[in-house]
A.B. asks: 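Please find one structure pasted underneath; my questions will follow.
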Protein chains: 2
Amino acid sequence: MLNQQADLNRLFNALADPARRAMVERLSRGPAPVSELARPLPMSLPAVMQHLDVLEAAGLVRSEKVGRVRTCAIDPAALSQAEQWINARRIEWQGRLDRLGEYLKTLESEGGDDGSSH
Amino acid sequence: MLNQQADLNRLFNALADPARRAMVERLSRGPAPVSELARPLPMSLPAVMQHLDVLEAAGLVRSEKVGRVRTCAIDPAALSQAEQWINARRIEWQGRLDRLGEYLKTLESEGGDDGSSH
DNA sequence: ATGATAGTTAGGTAAATGCTTAACCAACAG
DNA sequence: CTGTTGGTTAAGCATTTACCTAACTATCAT
């Protein structure tokens, strides 16, 4: 899917803000109402709402309103998407370094040359 | 360190752009000069340079200029910092869900009640 | 019904982002 | 020396972002 890209945009972008990360950190320890997410943050409630919108659009958080309180919770699936992208990159460069290491080792054992030829 | 926060800001922010991710993906497969990073991207060279600046500021990429060509390579350490943050969150909510599961299990085994009490 | 609590909407603003073009510099090739 | 390649700097511009305040709605308690 080409929208994988858009997903990652929203995801990483959501995580790029300290207030939003703080919210995710709080929610990682359990669900919470909006006002509790807002309390430690040095900004107005409407500002927190906007951050919450970003988090929901990124799929990191879902929320439901019952009575007059909206309770928020993390959605673990989204985070693991980001993790997967990072992981894929690690595999790539690690594989490359491994192959490079192998290559250097074969050079080493293939005769007494110190490799400084040119 | 409080600057851990600033680091994560720069890191996730750097990864939030598709052009920058494309550059990182390319570099995961091996070093490349600026112009090669630029070639597949639908934008001007100066624009690519700015993205490169962002990636370097985030510590994701380092580069060195020899002659007139600047060669870029990923710096694996930075990526794993992002990974660690994500991982820490996973541990938290997973631990919580595990404890919740345990709790539900004790409720279940503690008598023939189906749990729908009140 | 009155008032407090929890959240939402609307509208505005200052700063940051992601580009652009044009001009420029340094290295190397002929 | 001249032109070309690879990169860089500068300046400008449209859009987005991250806030704010003020006003408003809906629930719940008394």
Side-chain angles (χ1 to χ4, degrees), chain A residues 3 5-27 30-74 118, chain B residues 3 5-27 30-74 82:
Chain A
N3 273 45
Q5 285 301 316
D7 281 358
L8 286 172
N9 291 353
R10 280 188 285 267
L11 240 169
F12 284 122
N13 178 57
L15 295 176
D17 185 279
R20 287 194 290 260
R21 277 200 310 279
M23 292 166 80
V24 169
E25 285 175 14
R26 169 61 190 82
L27 292 178
V34 174
S35 49
E36 188 177 331
L37 293 181
R39 200 168 44 228
L41 299 177
M43 64 183 67
S44 67
L45 232 206
V48 173
M49 292 291 294
Q50 287 170 218
H51 284 302
L52 185 57
D53 286 345
V54 172
L55 289 171
E56 293 209 50
L60 279 165
V61 167
R62 64 194 161 65
S63 73
E64 200 189 352
K65 194 167 181 176
V66 53
R68 61 181 165 175
V69 32
R70 172 173 302 279
T71 302
C72 310
I74 41 161
H118 72 287
Chain B
N3 272 47
Q5 285 301 317
D7 281 357
L8 286 172
N9 291 353
R10 279 188 286 268
L11 241 169
F12 283 122
N13 180 56
L15 295 177
D17 186 279
R20 288 194 291 260
R21 276 199 310 279
M23 293 166 79
V24 170
E25 286 174 15
R26 169 61 191 83
L27 292 177
V34 174
S35 49
E36 188 177 332
L37 294 181
R39 200 168 43 227
L41 299 177
M43 64 184 67
S44 68
L45 232 205
V48 173
M49 292 293 292
Q50 286 170 219
H51 284 303
L52 185 56
D53 286 346
V54 172
L55 289 171
E56 292 208 50
L60 279 165
V61 167
R62 64 194 162 64
S63 73
E64 201 190 353
K65 194 168 181 176
V66 53
R68 61 183 164 172
V69 34
R70 171 173 303 278
T71 303
C72 310
I74 41 162

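Chain A is the first sequence line, chain B the second, and so forth, proteins listed ahead of strands; every chain is numbered from 1. Nothing here was measured: the structure is a model prediction, and the numbers come from that model.
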A.B. asks: So which nucleotide from C:dG18, C:dG7, D:dT8 ends up closest to the side chain of B:Lys65?
C.D. replies: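 Among C:dG18, C:dG7, D:dT8, the one nearest the side chain of B:Lys65 is D:dT8.
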A.B. asks: Once you round it to whole Å, what is the distance between C1' of D:dG7 and CZ of B:Arg70?
C.D. replies: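 Nearest whole value for this atom pair: 8 Å.
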A.B. asks: Which of these nucleotides, C:dT20, C:dG18, C:dA6, is closest to any side-chain atom of B:Asp17?
C.D. replies: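 My answer, after comparing the listed nucleotides, is C:dG18.
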A.B. asks: A:Asn9 has an atom CG; how far is it from atom C1' of D:dT17, in whole Å?
C.D. replies: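 Rounding to the nearest Å, CG of A:Asn9 and C1' of D:dT17 are 15 Å apart.
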A.B. asks: Checking side-chain contact (heavy atoms from CB on, under 4.5 Å) for the pair B:Leu15/B:Leu60: CA distance, chi angles, key distance, verdict?
C.D. replies: CA-CA 9 Å; B:Leu15 295 177; B:Leu60 279 165; 3.8 Å; yes
A.B. asks: Report the C-alpha distance between A:Leu52 and A:Glu56 in whole Å, list the side-chain angles of each, state the deciding distance to 0.1 Å, and finish with yes or no for side-chain contact (heavy atoms from CB on, under 4.5 Å).
C.D. replies: CA-CA 6 Å; A:Leu52 185 57; A:Glu56 293 209 50; 3.9 Å; yes
A.B. asks: Starting at the 5' end of DNA chain C and moving along, which residue's nearest nucleotide shows up first, A:Thr71 or B:Gln50?
C.D. replies: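 Comparing both residues, the 5'-ward one is A:Thr71.
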A.B. asks: What is the distance from CE of B:Met49 to P of D:dT5, rounded to the nearest Å?
C.D. replies: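 Nearest whole value for this atom pair: 19 Å.
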A.B. asks: Applying the side-chain contact (heavy atoms from CB on, under 4.5 Å) criterion to B:Val34, which one of B:Met23, B:Arg39, B:Lys65, B:Arg70 satisfies it?
C.D. replies: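 For B:Val34, the side-chain contact (heavy atoms from CB on, under 4.5 Å) test succeeds with only one of B:Met23, B:Arg39, B:Lys65, B:Arg70, which is B:Arg70.
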A.B. asks: Figure out the CG/P separation between A:Leu55 and D:dT17, and round it to whole Å.
C.D. replies: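 Those two atoms, CG and P, are 14 Å apart.
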A.B. asks: Choosing from D:dT8, C:dG7, D:dG6, which nucleotide comes nearest the side chain of B:Val69?
C.D. replies: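 Closest of the options to the side chain of B:Val69: D:dG6.
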A.B. asks: Between C1' on D:dT5 and CD on B:Glu36, what's the gap in Å once rounded to a whole number?
C.D. replies: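 For the pair B:Glu36 CD and D:dT5 C1', the rounded distance is 16 Å.
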A.B. asks: Between A:Ser44 and D:dC20, does any side-chain N or O lie under 4.0 Å from OP1 or OP2?
C.D. replies: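 So the side-chain polar atoms of A:Ser44 do come within 4.0 Å of the phosphate oxygens OP1 or OP2 of D:dC20, strictly under.
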A.B. asks: C:dA16 P sits how many Å from A:Asn13 CG, rounded?
C.D. replies: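 Atom-to-atom, A:Asn13 to C:dA16, this comes out as 16 Å.
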A.B. asks: By nearest heavy atom, map B:Val34 and A:Pro46 onto DNA chain D; which one lands nearer the 5' end?
C.D. replies: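 Here B:Val34 is the residue nearer the 5' end.
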A.B. asks: Classify B:Ser35 by what it touches in the nucleic acid, base, sugar-phosphate, or nothing, heavy-atom distance under 4.0 Å.
C.D. replies: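 Since only primed, P, OP1 and OP2 atoms lie under 4.0 Å of B:Ser35, the category is sugar-phosphate.
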A.B. asks: Give one of base, sugar-phosphate or nothing for A:Ala47, where a contact means two heavy atoms less than 4.0 Å apart.
C.D. replies: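 If one applies the 4.0 Å heavy-atom cut-off, A:Ala47 turns out to touch the sugar-phosphate alone, with no base involved.
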A.B. asks: Heavy-atom distance under 4.5 Å between the side chains of B:Asn9 and A:Arg21, does that happen here?
C.D. replies: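 When only atoms from C-beta onward are counted, A:Arg21 and B:Asn9 do touch, with a gap below 4.5 Å.
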A.B. asks: I need the CE-P distance between A:Met43 and C:dT13, as an integer number of Å.
C.D. replies: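 Whole-Å distance recorded here is 21 Å.
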A.B. asks: Expressed as a whole number of angstroms, how long is the span from A:Leu45:CG to C:dT8:P?
C.D. replies: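 Distance, rounded to whole Å: 9 Å.
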A.B. asks: Nearest of C:dA22, D:dC20, D:dA18 to any side-chain atom of A:Arg20?
C.D. replies: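 Per side-chain heavy atoms of A:Arg20, the pick is D:dA18.
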A.B. asks: Please give me the minimum heavy-atom distance between B:Arg20 and B:Asn13, naming the atom from each residue.
C.D. replies: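 Heavy-atom minimum between the residues: NH2-O, 3.1 Å.
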A.B. asks: As a test of reading the structure: which of D:dC20, D:dT27, C:dT21 is closest to the side chain of A:Arg68, going by heavy atoms?
C.D. replies: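 The answer is D:dT27, which lies nearest to the side chain.
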A.B. asks: Is any side-chain N or O of B:His51 closer than 4.0 Å to OP1 or OP2 of C:dC19?
C.D. replies: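 So the side chain of B:His51 is within the cut-off, an N or O lying under 4.0 Å from OP1 or OP2 of C:dC19.
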A.B. asks: The side chain of A:Pro33 is closest to which nucleotide in this list: D:dG6, D:dC19, C:dG7?
C.D. replies: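 Given the options D:dG6, D:dC19, C:dG7, the side chain of A:Pro33 is closest to C:dG7.
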